[in-house]
Structures are given as C-alpha cells and as structure tokens.
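Let me begin by presenting the structure, written as structure tokens, before commenting on it.
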Amino acid sequence: YKGEFIILAGKNGSGKTTFLKHLNGLLLPDSGHLLVNGRDVKKHLTQTRQTIGMVFQDADTQIIGDTVFDEVAFGLENLKFNRNSINDKVTETLKDLSLFHLKNRAPSTLSGGEKKRLAIAGVLVMDPQVIVFDEPFSNLDYPGTIQVLKTIIELNRSGHTLIIATHDVETVIYDATRIIFMLEGLIK
C-alpha cells in the first residue's frame, strides 16, 4: 500500500532478490502474471520501471557516471529532460541526500555509505512511487549503515513506499509497517 515500509525477509536463496527484480521488470515471469498498480508488468514495462525504482545490493554495479552529478543526471538525460530541469532536479536530490558537496567527485572515490546514497539518489531523481532495496546494508561499516538507514527512514517519512530485502531485519524492524517472509520462492 502507498507509504508502506515493508521488510522482505528470508534465508539466502529464498527468492527475495528474484522477487524484487520481477517487481521492477528486470526479470519477467515465464508463466503467470505480475501486477503492479493493477497492470501486467510484461505489458507495461516502461510504466512499471518508472513506478518502481530499484537500489541494488552492490552500489558499484549501478553507478556508471564520471562524477556524482553525472551519475544522478543519467536517467533524466536518457528520458530527454531539458538541461535546466535536469540540473534543478539533480541539485535538489543531491542536497536532499547530503551529497551536493561531492557533486564533482568521481564515484569511485566515495565511501561505501556515500556510494549507496548515490545509488539511491540516481533512483530518487526519477521520482518513483515505490523504491525497492536489495540488502541495503551489506558491505557497509557502522557509520555507513547509519547514513543509509537515516536516508531510508526519511524517504518513507516523505511518503515513499519502500520494500527492503534484508538479512539485517533488526536494523529496520522498528520502522517497518509489515514483514513478509519468503521461503523457497514462496511468501510464507
């Protein structure tokens, strides 16, 4: 539901990542139908990807820009937004995630927490209704985990619907509205 904060929990190999990739249309079902907002993902792939943004487990696989600013601008440039609109939206998003001071830095020079927030910024600038996170705290030290957790909580408080696949359930349990358990590809 709109504004929910859902934890998707389960053992390694239970199907959490596969499920998230189906929600975003990165994977498509061989049989059956997956509906997002009442629409079949296969038939409405572009709309689905605009509705659901995904932050991958490893931020490095998601980051391709030469600078922090370029990284966040990438999606808007591909959608042919005008340059002034891109600059405004990217600047606002970087400020919202406390990354503006890093705008000219190469993403490879950022800390793990900063890279994860950069990946979030690249999704957030596209204004999705739902943001899904695959293991957002993996490979982060304590300060990086706190940075990303604060960002996630702020996103939810600002009205974003969040789905988080995580082994670190205790990190987000107090902020979640619901927990869904997966086992062998099924919701239990």
What I want to check is whether the side chains of Asn37 and Gln129 have a donor and an acceptor closer together than 3.5 Å.
yes
Partner set under salt bridge (Lys or Arg N to Asp or Glu O under 4.0 Å) for Asp70, not counting sequence neighbours:
none
Nearest-0.5 Å distance, OG1 of residue Thr161 to OH of residue Tyr1
12.0 Å
Indicate if Val68 and Phe74 have the same hydrophobic cluster label, given that clusters are the connected sets of ILVMFWY residues with side-chain heavy-atom separations under 4.5 angstrom.
no
Distance, nearest 0.5 Å, that separates OG1 of Thr91 from CG of Leu94:
6.5 Å
Glu71 side-chain N/O to Ile64 backbone N/O, donor-acceptor pair under 3.5 Å:
yes
Student check: side-chain heavy atoms of Ile152 and Phe5 closer than 4.5 Å
yes
Check Val90 against Leu76 and note the closest heavy-atom contact, atom names and distance.
CG2-CD1, 4.2 Å
I would like to know whether Met126 and Gln50 meet side-chain contact (heavy atoms from CB on, under 4.5 Å); could you show each step before the answer?
CA-CA 7 Å; Met126 302 299 290; Gln50 290 173 340; over 6 Å; no
Do Leu27 and Ile131 sit in one hydrophobic cluster, given that two such residues count as connected whenever their side-chain heavy atoms are within less than 4.5 Å of each other, even indirectly?
no
Sequence neighbours excluded and cut-off under 3.5 Å, please list the side-chain donor-acceptor pairs for residues 106-123, or say none.
| from | atom 1 | to | atom 2 | distance (Å) |
| --- | --- | --- | --- | --- |
| Thr109 | OG1 | Arg105 | NE | 2.9 |
| Thr109 | OG1 | Arg105 | NH2 | 3.3 |
| Thr109 | OG1 | Ala106 | O | 2.7 |
| Ser111 | OG | Glu114 | N | 3.2 |
| Ser111 | OG | Glu114 | OE1 | 3.3 |
| Glu114 | OE1 | Ser111 | N | 2.8 |
| Lys115 | NZ | Asp60 | OD1 | 3.1 |
| Lys116 | NZ | Gln57 | O | 2.5 |
| Arg117 | NH1 | Leu97 | O | 2.6 |

Report the distance from atom CD of Glu92 to atom CG of Leu124, rounding to the nearest 0.5 Å.
9.0 Å
Tell me, do Val172 and Phe137 make a side-chain contact under 4.5 Å, heavy atoms counted?
yes
I'd like to know if the side chain of Arg49 and the backbone of Gly25 have a donor-acceptor N/O pair within less than 3.5 Å.
yes
Between atom CZ of Arg83 and atom CG of Asp88, what is the distance when rounded to the nearest 0.5 Å?
11.0 Å
In the structure I gave you, are the side-chain heavy atoms of Val148 and Leu140 within less than 4.5 Å of one another anywhere?
yes
Should Ile179 and Leu186 be regarded as members of a common hydrophobic cluster, given that ILVMFWY residues are connected when their side-chain heavy atoms come within less than 4.5 Å of each other, either directly or indirectly?
no
Measuring from Phe81:CZ to Asn87:CG, what's the distance to the nearest 0.5 Å?
13.0 Å
Pairing residues for His160 by the side-chain hydrogen bond (donor to acceptor under 3.5 Å, both in side chains) criterion, not counting sequence neighbours:
Ser158
If I compare all heavy atoms of Asn156 with all of Glu4, which pair ends up nearest, and what's the gap?
ND2-O, 3.4 Å
NZ of Lys103 to NZ of Lys95, rounded to nearest 0.5 Å, is 8.5 Å
Tell me, which pairs form a side chain to side chain donor-acceptor pair (under 3.5 Å) where one or both residues lie in residues 16-27, sequence neighbours left out?
Thr17-Asp134
Determine whether more than 12 heavy atoms belonging to other residues, nucleotides or ligands lie under 6.0 Å from atom CD of Glu184.
no
Can you find a pair of side-chain heavy atoms, one from Pro136 and one from Val55, that are under 4.5 Å apart?
no
Evaluate whether atom NZ of Lys150 has more than 12 neighbouring non-hydrogen atoms of other residues, nucleotides or ligands under 6.0 angstrom away.
no
Suppose we screen for salt bridge (Lys or Arg N to Asp or Glu O under 4.0 Å). Which residues come up paired with Glu154, at least two apart in sequence or across chains?
none
Is Tyr142 reachable from Tyr174 through a run of I, L, V, M, F, W or Y residues, each pair having side-chain heavy atoms under 4.5 Å apart?
no
In the hydrophobic cluster built from side-chain contacts under 4.5 Å, what are the other members alongside Val41?
Ile6, Leu8, Phe19, Leu20, Leu23, Leu26, Leu28, Leu34, Val36, Leu45, Ile52, Met54, Phe56, Val130, Val132, Ile163, Ile180, Met182, Ile187
Judged by atom type as modelled, is there a donor-acceptor pair below 3.5 Å linking the side chain of Lys2 to the main-chain atoms of Gly159?
no
